[in-house]
Amino acid sequence: MRKKLHFRYWLSFIILIVLLLVFIFWNINSGSISILLKDIFQILFHKNGDETAYNIVWEIRLPRILAAVILGGALSVSGFLLQTFFGNPIAGPFVLGISSGAKMFLAITMIFLLKFIPSIPMWIQMAASFAGSLLSLMYVLVFAKKVKSMSMLLVIGIMISYICSAVTDFSITFANDSQIANLTHWALGSFSGSSWSMVKAACILVIPVTIVTFFFSKPIGAYQLGEGYAKSLGINIPVFRIVIITLSSLLSSCVTALAGPISFVGIAVPHITRLMLKTAKPVVVIPACFLCGSVFCMFCDLIARTILSPSELAIGTVTAVFGAPVVIWLMIKKNQIRE
């Protein structure tokens, strides 16, 4: 049995890595200007070729692809941490209102600061997004202590999301026309306009946080078996909860700050990953979840860019189309189990 499980793990990782590479080259190739595969290899590995194609690959498509890889993985790991914390497969940054809180704080910060400075540094965007996500999560935690039903907690999260969206819309009325256009585009969620500085900022935050999360695999696995079992292993539950909340908020707020709120990735991908691996062991699920989120977001971004070309869909629209059915299925399945 153990050999079969290990074989399944290795096979799943190989499939995810192959899909990741396939979608990287597919995304580079796709667009208003098609680039041949041999030219892509020449541009990527020898850094020469047609000047126009070279600039398209290195300045436009590759930063966007890497942004989708890094931020898609971050959102998936964030969702996994929240699902572990609440013990509910439907928990996620978007559903619990965490992404909306980050969006609200970031929008208010942008509208206020852009009156005094021409552009906002990326670290300020991330800090504002992190503060908003933490505030929303604090409200969710307060209500989590007062309601026993996870379904009710889900409804509360959605209401918090609506409140944050209402405050965001109200604050936008004080923005000028150019700010409104930028905020509206950003609020829909998109990887377009990604730059190497954005990719660098995402790497600086996401990669260390994901590594720290991976090193917490053992206490996360113990927590999955119940607080009593985790305490028996010497885990400080209050401190552990703070760590989980902080790690999840850092990951989800980074995504919101750089690409806008992206729906359903944090809910659907962790569950898809667990179904693929047939296990909930964090030491296996966390890296697989990151890879699966990267593949999922690249796939959705490819559809967003090409299905109505030259027009482009918001990434959140496409992720909702594929992610929402997974959430509906999870809710139906959970209800059947209770019955």
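No experiment lies behind these values; they were computed from the predicted model shown.
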4.5 Å side-chain heavy-atom contact, Val57 and Gln42:
no
Quick one: closest heavy-atom pair of Ile111 and Ser171, and the distance?
CD1-O, 3.2 Å
Interatomic distance, CD1@Ile158 vs OG@Ser165, rounded to 0.5 Å, equals 11.5 Å
Using 0.5 Å steps for rounding, measure from the CD1 atom of Ile60 to the OG atom of Ser192.
11.0 Å
Taking the side chain from Trp123 and the backbone from Ala201, do they hold a donor-acceptor pair closer than 3.5 Å?
no
With rounding to the nearest 0.5 Å, note down the distance linking OG1 in Thr273 to CG in Leu291.
9.0 Å
Do the non-hydrogen side-chain atoms of Gln224 and Thr84 ever get within less than 4.5 Å of each other?
yes
In terms of hydrophobic clustering (I, L, V, M, F, W, Y; side-chain heavy atoms under 4.5 Å; direct or indirect links), are Ile204 and Ile124 co-clustered?
no
If hydrophobic clusters are built by linking Ile, Leu, Val, Met, Phe, Trp and Tyr wherever their side-chain heavy atoms come under 4.5 Å apart, do Leu302 and Ile17 end up in the same one?
yes
With heavy-atom distances below 4.5 Å as the criterion, would you say the side chains of Thr213 and Phe80 are in contact?
no
Would you mind listing every side-chain hydrogen bond (donor to acceptor under 3.5 Å, both in side chains) that reaches into residues 14-25, with sequence neighbours excluded?
none
Is it true that Phe23 and Trp26 have ring centroids separated by less than 6.0 Å?
yes
Kindly work out whether a path of hydrophobic side-chain contacts (I/L/V/M/F/W/Y, heavy atoms less than 4.5 Å apart) joins Val284 to Ile15.
yes
After noting the C-alpha distance and the side-chain angles of Tyr223 and Ile244, does the key distance pass the side chain to side chain contact (heavy atoms under 4.5 Å, CB included) rule?
CA-CA 11 Å; Tyr223 187 82; Ile244 292 294; over 6 Å; no
Measuring from Leu75:CG to Phe264:CZ, what's the distance to the nearest 0.5 Å?
12.0 Å
Within the 4.5 Å heavy-atom criterion, are Leu251 and Val206 side-chain neighbours or not?
yes
Just grab all the side-chain hydrogen bond (donor to acceptor under 3.5 Å, both in side chains) pairs involving residues 244-262, residues at least two apart or on different chains.
Ser78-Ser248
Ring centers of Phe214, Phe290 separated by less than 6.0 Å:
no
Would you mind reporting whether Tyr9 and Thr279 have side-chain heavy atoms less than 4.5 Å apart?
yes
Between atom CD1 of Ile163 and atom OG1 of Thr168, what is the distance when rounded to the nearest 0.5 Å?
11.5 Å
Candidates Leu258, Thr210, Val199, Val255 - the one meeting side chain to side chain contact (heavy atoms under 4.5 Å, CB included) with Ile70:
Val199
Restricting to side-chain hydrogen bond (donor to acceptor under 3.5 Å, both in side chains), what partner residues turn up for Ser161, sequence neighbours left out?
Ser100
Nearest heavy-atom contact between Pro238 and Asn236 is CD-OD1, 3.0 Å
Considering only heavy atoms from C-beta outward, does the side chain of Val265 approach that of Ser76 to under 4.5 Å?
yes
Tell me every residue that passes side-chain contact (heavy atoms from CB on, under 4.5 Å) with Asn29, counting only those two or more places apart in sequence or in another chain.
Ser34, Ile40
Are Ile43 and Ile56 close enough that some pair of their side-chain heavy atoms sits under 4.5 Å apart?
no
Donor-acceptor contact present, side-chain Gln83 to main-chain Ile267, <3.5 Å:
yes
Rounded distance (nearest 0.5 Å) linking atom OG of Ser129 with atom NZ of Lys103
11.5 Å
As a quick check of understanding, evaluate side chain to side chain contact (heavy atoms under 4.5 Å, CB included) for Met298 and Ile65, giving each step before the final call.
CA-CA 7 Å; Met298 273 202 296; Ile65 290 165; 3.6 Å; yes
Is Trp10 reachable from Ile286 through a run of hydrophobic residues whose side-chain heavy atoms are each under 4.5 Å from the next?
no
With sequence neighbours left out, what residues match Phe130 under ring pair (Phe, Tyr, Trp, His ring centres under 6.0 Å)?
none
Scan residues 274-303 for pairs that pass salt bridge (Lys or Arg N to Asp or Glu O under 4.0 Å), counting only residues two or more places apart or in two chains.
Arg64-Asp301
Identify the heavy atoms of Ala257 and Leu106 that sit nearest to each other, and give their distance.
CA-CD2, 3.5 Å
For Pro282 versus Pro287, what's the shortest heavy-atom pair and its separation?
O-CD, 4.0 Å
Minimum side-chain heavy-atom gap Cys289-Pro270 below 4.5 Å:
yes
Same cluster (ILVMFWY, side-chain, under 4.5 Å), Trp58 and Met198
yes
How are the rings of Phe240 and Phe216 set relative to one another: parallel (under 30°), tilted (30 to 60°) or perpendicular (over 60°)?
tilted
Criterion side chain to side chain contact (heavy atoms under 4.5 Å, CB included) on Leu44 and Phe25, from CA distance to verdict
CA-CA 10 Å; Leu44 289 178; Phe25 284 103; 3.9 Å; yes
May I have the step-by-step check of side chain to side chain contact (heavy atoms under 4.5 Å, CB included) for Val318 and Phe299, ending in yes or no?
CA-CA 9 Å; Val318 184; Phe299 168 69; 6.0 Å; no
Looking at Gly293 and Val269, what are the two nearest heavy atoms and their distance?
N-CG1, 3.5 Å
Would you find a donor on one side and an acceptor on the other, under 3.5 Å apart, between the side chain of Arg8 and the backbone of Met276?
yes
Ile315 versus Ser190, closest heavy-atom pair with distance:
CG2-N, 3.5 Å
